[in-house]
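Okay, structure first, notes after.
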Amino acid sequence: MSRVEIFADGACKGNPGVGGWGAWLKFGDRERELFGGERETTNNRMELTAVIRALEALTRPCEADVYVDSSYVQKGISEWIHGWKRNGWRTADKKPVKNVDLWMELDRQAARHRIAWHWVKGHAGHAGNERADALANKGVDAVRQGRIAV
C-alpha cells in the first residue's frame, strides 16, 4: 500500500455562512492541493468535507496519516461513529447525528484505506495545518468571487 499524508481543514465566515475546505496531500516527493467551498454552510461541515474530498482523490487504497485541527472530526471518526452506527445514526441521547450525510460518506471513504487519525492544534504553526487552512480560506474566497458555483 502507498503511504500518504493528508492535512485537512475547514473555514467558515459566519457559522452558518460562506465556507471553504482545503486539503494538502503528500505522497513521497509529490503533492496535491485541493480546495472548494459552499455559500451557506457550517464550520463542521467544511471540516468533514475537507477530509472526504482528500480521501476521494486517492485513486487506490492507501495507508494514510490524516491530520485535522477539528476534535469534532477526529473524535467523531475515531470514537463516536461506532456508537452512532450501532444506534442507527443516533447519538447516545437518541437524537439524530448532525451532518449524518457527511459522516456516512466519510465512513465509506475511510473504509477503503488504513488510516491513522491525528489531531493537531490549529493556528499554532504546524506547517501542514497552516497550508490546509490557507487552502480552506482560498475556498471561501473562490465562493465569494463566484469562481465556484455552489
Note: Lys138-Asp133 ion pair, threshold 4.0 Å (strictly below): no
Check against side chain to side chain contact (heavy atoms under 4.5 Å, CB included), Leu106 and Leu55: CA-CA 8 Å; Leu106 179 55; Leu55 294 174; 3.8 Å; yes
Contact summary for Ser2 and Arg60, nearest pair of heavy atoms: OG-NH2, 3.1 Å
Spatial distance of atom CD (Glu40) from atom CZ (Arg45) [nearest 0.5 Å]: 11.5 Å
Residues Arg147, Asp141: salt bridge by 4.0 Å N-O rule: no
Between CD on residue Glu47 and OG on residue Ser71, distance to nearest 0.5 Å: 9.5 Å
Pair Val143-Glu38, side chain to side chain contact (heavy atoms under 4.5 Å, CB included): steps then yes or no: CA-CA 6 Å; Val143 171; Glu38 296 179 16; 5.7 Å; no
pair Gln109-Glu56: side-chain heavy atoms closer than 4.5 Å: yes
Stepwise side chain to side chain contact (heavy atoms under 4.5 Å, CB included) test for Trp84 and Arg90: CA-CA 5 Å; Trp84 293 340; Arg90 297 212 169 259; over 6 Å; no
Hphob cluster co-occupancy, Ile115 + Ile52, side-chain heavy atoms under 4.5 angstrom: yes
Over all atoms of both residues, closest heavy-atom pair of Met46 and Gly37: SD-CA, 4.4 Å
Val66 side chain reached by His118 side chain, heavy atoms, under 4.5 Å: no
salt_bridge(Arg131, Glu31) N-O dist < 4.0 Å: yes
Arg108 CZ: over 12 foreign heavy atoms closer than 6.0 Å: yes
Closest heavy-atom pair and its distance - Ala110, Trp117: CB-CZ2, 4.2 Å
Side chain to side chain contact (heavy atoms under 4.5 Å, CB included) between Asn87 and Val97, worked out: CA-CA 10 Å; Asn87 296 334; Val97 171; over 6 Å; no
Shared hydrophobic cluster, Val51 / Ile77 (ILVMFWY, side-chain heavy atoms < 4.5 Å): yes
For Phe27 against Val4, the heavy-atom pair lying closest together: CD2-CG2, 3.6 Å
From Arg3 atom CZ to His113 atom NE2, the distance as rounded to the nearest 0.5 Å: 13.0 Å
Point-to-point distance, once rounded to the nearest 0.5 Å, from CG of Asp107 to NE2 of His82: 9.0 Å
Donor-acceptor side-chain pairing of Lys121 and Asn129 below 3.5 angstrom: no
Hydrophobic cluster membership, Trp21 vs Ile6, 4.5 Å side-chain cutoff: yes
Check: Thr42/Asn44 side-chain N/O donor and acceptor closer than 3.5 Å: no
Aromatic ring proximity Trp24/Tyr67, centre distance under 6.0 Å: no
Heavy-atom closest contact (Thr41 atom, Asn15 atom, distance): O-OD1, 4.4 Å
Atom pair CG (Asp69) and CD (Gln74), whose distance is rounded to the nearest 0.5 Å: 11.5 Å
Non-hydrogen side-chain atoms of Asp9 and Val68 separated by less than 4.5 Å: no
Val73 with Trp89, same ILVMFWY side-chain cluster at under 4.5 Å: yes
Shared hydrophobic cluster for Phe7 and Trp119 (ILVMFWY, side-chain gaps under 4.5 Å): no
CD-NZ distance between Glu33 and Lys26, expressed to the nearest 0.5 angstrom: 12.5 Å
Distance-minimising heavy-atom pair for Asn137 and Ala11: OD1-CB, 3.9 Å
